[in-house]
Novice: 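Supplied in structure tokens, the structure appears directly below.
Here the structure is a predicted model, which means the values were calculated and not measured. Each ligand, and each atom within it, is numbered from 1 in the order the structure gives.
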Amino acid sequence: MVTPSELGLPAVRRATTRDPARPDDARLIDTFGRVATDLRISLTDRCNLRCSYCMPAEGLDWMPRDEQLTDEELLRLIGIAVRDLGIEELRFTGGEPMLRKGLEGLVSASAALEPRPDISLTTNGIGLARRAESLAAAGVNRLNVSMDTLRPERFATITRRDRLSDVLDGLAAARAAGLGPVKINTVLLRGLNDDEACDLLRFAVEGGYELRFIEQMPLDAQHGWERTEMVTAGEILEKLQAEFTLTPDSVARGGAPAERWIVDGGPAAVGVIASVTRPFCGACDRTRLTADGQVRSCLFARTETDLRAMLRGGCSDAEIAGSWRDAMWGKLAGHGIDDPGFLQPDRPMSAIGG
Ligand code: SAM
Ligand code: SF4
């Protein structure tokens, strides 16, 4: 097992002091003029797959249950985010969010908030075939399913579990439950699945899914990422253009991380999230909450704001909202992957929420 000391413990700020320069604005604004309206919530750091670019084969030292926010604590924070801080979109993720007991209940309580937030889920798809309908009924609007290959043996190599058929069944069930457009998230890995870009796009186009390629980021627990090894957006597009005609999507991108292309004249589209080679930090509209109640202003942030301590310490909603605003006010201009002094965050992607 990887120990917490090997991973490093997150730098936790227990209290924030308000910067007098922060304007009196209820929203989550920062010094660069960005406004966070999209809240990513990690429901658990646990997972039932072991994707090689995410975590080691033996898994990680999972977060003790008592450190995790209870449903009641989590719903209180979601309520503050939606009612007081202008959050419009919620995405539940993890780890694997479907491993969180009571997920449907969390979704339906979130869907009952006013104004009603848009609710989405990022999942590895294991067990989705059984739950797609109940998730849709609870109020999930959209769904992203991660799938890096169409070949069972490769799936078993990449995720260290032989479960491709579960994911394929989950995708079909999500589409049948009306959770469209169902998006497929794919990470291409050099020498493992980078010859499948066109096959995956064809599968998505024929199945009515929207494929999005994500550049591999330095967020793995093992710290094994190497810039020279990652498959870049440029390479991905070159591969796709050998078989498809891609036309840049004319719809404004806004805060969306994916650059979109219309495939063979449409209506199908493909997205590429080039977090490393074409960062979109200037348009970022995200704020993040970990399963243990820490706010992060960025996936790559090196500081966190401890809202769980505030919840358990008896703070009011207004005090918690104020600390959340302070946390976002301090958001850095960019992730700095290309800066000479870049340091990977202490928490891996699976514990931050991707
Ligand atoms: N377990 C769920 C899943 O796999 O969809 C949700 C959490 S996972 C961390 C969210 C997304 O992050 C997945 O699409 C996954 O492929 C992606 N991801 C994980 N590690 C990554 C990395 N190092 N670089 C880029 N994407 C990564
Ligand atoms: Fe689990 Fe998602 Fe990480 Fe894969 S990418 S190990 S499914 S958290």
Novice: Before you tell me yes or no, could you show the steps for R154 and L164 under side-chain contact (heavy atoms from CB on, under 4.5 Å), namely the whole-Å CA-CA distance, both residues' side-chain angles and the distance that decides it to 0.1 Å?
Specialist: CA-CA 9 Å; R154 278 193 182 175; L164 177 62; over 6 Å; no
Novice: In the protein, what heavy atom is nearest to atom 8 (S) of ligand 1, and what distance, to one decimal place, separates them?
Specialist: G94 O, 4.3 Å
Novice: Where on T122 is there a heavy atom closer than 4.0 Å to ligand 1, on the side chain, on the backbone, on both, or on neither?
Specialist: both
Novice: Report, in ascending order of atom number, the atoms of ligand 1 lying under 4.0 Å from any heavy atom of N185.
Specialist: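 So the answer, numbered in order with elements, is 14 (O).
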Novice: Nearest protein heavy atom to atom 12 (O) of ligand 1, by residue and atom, and its distance?
Specialist: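 Of every protein heavy atom, M349 CE, 3.4 Å lies nearest to atom 12 (O) of ligand 1.
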Novice: Heavy-atom distance under 4.5 Å between the side chains of T93 and L43, does that happen here?
Specialist: no
Novice: Between I214 and ligand 1, is there a nitrogen or oxygen pair with a distance under 3.5 Å?
Specialist: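 No.
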Novice: Any donor-acceptor pair under 3.5 Å linking the side-chain atoms of N141 with those of R116?
Specialist: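 On atom types as modelled, these side chains qualify, holding a pair under 3.5 Å.
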Novice: Please classify the L49 to ligand 1 contact at 4.0 Å (heavy-atom distances, strictly less than): side chain, backbone, both or neither.
Specialist: neither
Novice: For ligand 1, which atoms have a heavy atom of N124 less than 4.0 angstrom away?
Specialist: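 Answer, ordered by atom number: 2 (C), 3 (C), 5 (O).
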Novice: Thinking salt bridges, do R100 and D71 make one under a 4.0 Å N-O criterion?
Specialist: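 Yes.
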Novice: Contact between M55 and L49 at the side-chain level, heavy atoms closer than 4.5 Å - yes or no?
Specialist: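 A side-chain contact is absent here, since even the closest heavy-atom pair is not under 4.5 Å.
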Novice: For V187, counting its heavy atoms only, list the atoms of ligand 1 lying under 4.0 Å from any of them.
Specialist: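 It comes down to these atoms of ligand 1: 16 (O), 26 (N).
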Novice: Please walk me through it: do L311 and L69 pass side-chain contact (heavy atoms from CB on, under 4.5 Å)?
Specialist: CA-CA 9 Å; L311 286 166; L69 294 181; 3.9 Å; yes
Novice: Could you find the nearest protein heavy atom to atom 6 (S) of ligand 2 and give me its residue, atom name and distance?
Specialist: C51 N, 3.3 Å
Novice: Could you tell me whether D25 and R325 have a side-chain N and a carboxylate O separated by less than 4.0 Å?
Specialist: no
Novice: So is there a nitrogen or oxygen of D220 less than 3.5 Å from a nitrogen or oxygen in ligand 1?
Specialist: no
Novice: By number and element, which atoms of ligand 1 are closer than 4.0 Å to a non-hydrogen atom of T93?
Specialist: 6 (C), 7 (C)
Novice: Under 4.0 Å between a side-chain nitrogen and a carboxylate oxygen: does that hold for D292 and R347?
Specialist: yes
Novice: Measure from atom 4 (O) of ligand 1 to every heavy atom in G354, S146, S52 and give the option owning the shortest one.
Specialist: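 Among G354, S146, S52, the closest heavy atom to atom 4 (O) of ligand 1 comes from S146.
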Novice: Would one find an N or O of Q216, backbone or side chain, under 3.5 Å from an N or O of ligand 1?
Specialist: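 No: no nitrogen or oxygen of Q216 is under 3.5 Å from one in ligand 1.
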Novice: What protein heavy atom sits nearest atom 3 (Fe) of ligand 2, and how far off is it?
Specialist: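 That would be C54 SG, 2.4 Å.
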Novice: Among all the protein's non-hydrogen atoms, which is closest to atom 2 (Fe) of ligand 2, and how far away is it?
Specialist: C47 SG, 4.4 Å
Novice: Will you find, in the side chains of E215 and T232, an N or O donor that is under 3.5 Å from an N or O acceptor?
Specialist: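 Checked: E215/T232 side chains show no N/O donor-acceptor pair below 3.5 Å.
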Novice: Measuring only between side-chain heavy atoms, which start at C-beta, is L128 closer than 4.5 Å to L143?
Specialist: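 They are in contact (side-chain heavy atoms under 4.5 Å apart), so the answer is yes.
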Novice: Report yes if some heavy atom in the side chain of I158 is under 4.5 Å from a heavy atom in the side chain of L189; otherwise report no.
Specialist: yes
Novice: So does D118 pair up with R142, basic N to acidic O under 4.0 Å?
Specialist: yes
Novice: Please confirm whether D148 comes within less than 3.5 Å of ligand 1 when only nitrogen or oxygen atoms on both sides are compared.
Specialist: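 So ligand 1 has no N or O lying under 3.5 Å from an N or O of D148.
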Novice: Can you tell which of C51, G353, G95 gets a heavy atom nearest to atom 1 (N) of ligand 1?
Specialist: G95
Novice: Are the side chains of D30 and S297 in touch, meaning some heavy atoms are under 4.5 Å apart?
Specialist: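 A side-chain contact is absent here, since even the closest heavy-atom pair is not under 4.5 Å.
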Novice: List ligand 1 atoms under 4.0 Å from E96, heavy atoms only on the residue side.
Specialist: 1 (N), 2 (C)
Novice: Can you pull out the closest protein heavy atom to atom 16 (O) of ligand 1? Residue, atom name and distance to 0.1 Å, please.
Specialist: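 Minimum-distance protein heavy atom for atom 16 (O) of ligand 1 reads Y53 OH, 3.1 Å.
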Novice: Can you sort out which atoms of ligand 1 are near T123, meaning under 4.0 Å from one of its heavy atoms?
Specialist: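 Numbered from 1, ligand 1 contributes 2 (C), 3 (C), 5 (O).
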Novice: Could you tell me, atom by atom, which parts of ligand 1 come under 4.0 Å of a heavy atom of M217?
Specialist: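 Numbered from 1, ligand 1 contributes 22 (C), 23 (N), 24 (N), 25 (C).
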